[in-house]
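Before any comments, here is the structure.
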Amino acid sequence: MQELYNAPANRCLKRVALLVIAVVIVLLLSMVFLLDHISPRMLLLMRGCSGLGALVFVVLVGVLVYRVNKAYIGQDKDSRH
């Protein structure tokens, strides 16, 4: 299964998902440290962007798991015959 996760397309999905979650973490940490220096409107915008980023991360990981499991099940059926 590890070789399926390391396929070029799946590796790209993993990197993009990690990049998205890193950006979300940076946004959340910057909100914590800059709480007194930014306007409430900017704070709401940053919260919204971090929430959307978290949703994108979940979708990307879901797609990655689906692709790997689909390939694994297809590979398993081919080896039975």
Side-chain angles (χ1 to χ4, degrees):
M1 208 145 166
Q2 189 66 27
E3 63 192 27
L4 293 174
Y5 274 108
N6 286 330
N10 294 338
R11 211 173 335 141
C12 182
L13 271 174
K14 278 195 300 189
R15 288 181 182 148
V16 170
L18 288 174
L19 179 69
V20 167
I21 202 66
V23 169
V24 167
I25 290 171
V26 167
L27 272 173
L28 291 172
L29 287 176
S30 67
M31 281 190 298
V32 169
F33 292 118
L34 300 174
L35 190 61
D36 297 333
H37 304 292
I38 57 177
S39 67
R41 182 178 288 176
M42 188 63 167
L43 189 64
L44 286 174
L45 179 69
M46 291 171 75
R47 284 181 184 170
C49 289
S50 60
L52 286 175
L55 287 175
V56 168
F57 173 75
V58 168
V59 168
L60 286 173
V61 170
V63 168
L64 175 65
V65 169
Y66 172 76
R67 288 173 54 110
V68 169
N69 286 334
K70 182 180 175 188
Y72 181 73
I73 290 170
Q75 188 180 45
D76 195 29
K77 285 182 180 178
D78 291 339
S79 65
R80 289 181 191 167
H81 290 83

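Heavy atoms only: backbone and side chains are in, while hydrogens, waters and symmetry mates are out. These figures come from a predicted structure and were not determined experimentally.
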In sequence, state the C-alpha distance, the side-chain angles, and the governing distance for Y5 and L13, and then conclude on side-chain contact (heavy atoms from CB on, under 4.5 Å). CA-CA 10 Å; Y5 274 108; L13 271 174; over 6 Å; no
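- L64 and V59 fall within the same hydrophobic cluster, defined by Ile, Leu, Val, Met, Phe, Trp and Tyr side-chain heavy atoms under 4.5 Å apart, directly or through other members.
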Please tabulate, for side-chain N and O atoms in residues 15-44, each donor-acceptor pair with protein atoms closer than 3.5 Å (sequence neighbours left out).
{"from": "S30", "atom 1": "OG", "to": "V26", "atom 2": "O", "distance (Å)": "3.2"}
{"from": "S30", "atom 1": "OG", "to": "L27", "atom 2": "O", "distance (Å)": "2.8"}
{"from": "S39", "atom 1": "OG", "to": "M42", "atom 2": "N", "distance (Å)": "3.2"}

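- Using a 4.5 Å cut-off between side-chain heavy atoms of Ile, Leu, Val, Met, Phe, Trp and Tyr, with links allowed through other members, V63 and V65 fall into the same hydrophobic cluster.
- The two atoms that bring L4 and V68 nearest to each other are CD1-O, 3.8 Å, heavy atoms only.
- The stretch residues 47-70 participates, sequence neighbours left out, in these side chain to side chain donor-acceptor pair (under 3.5 Å) pairs: N10-R67.
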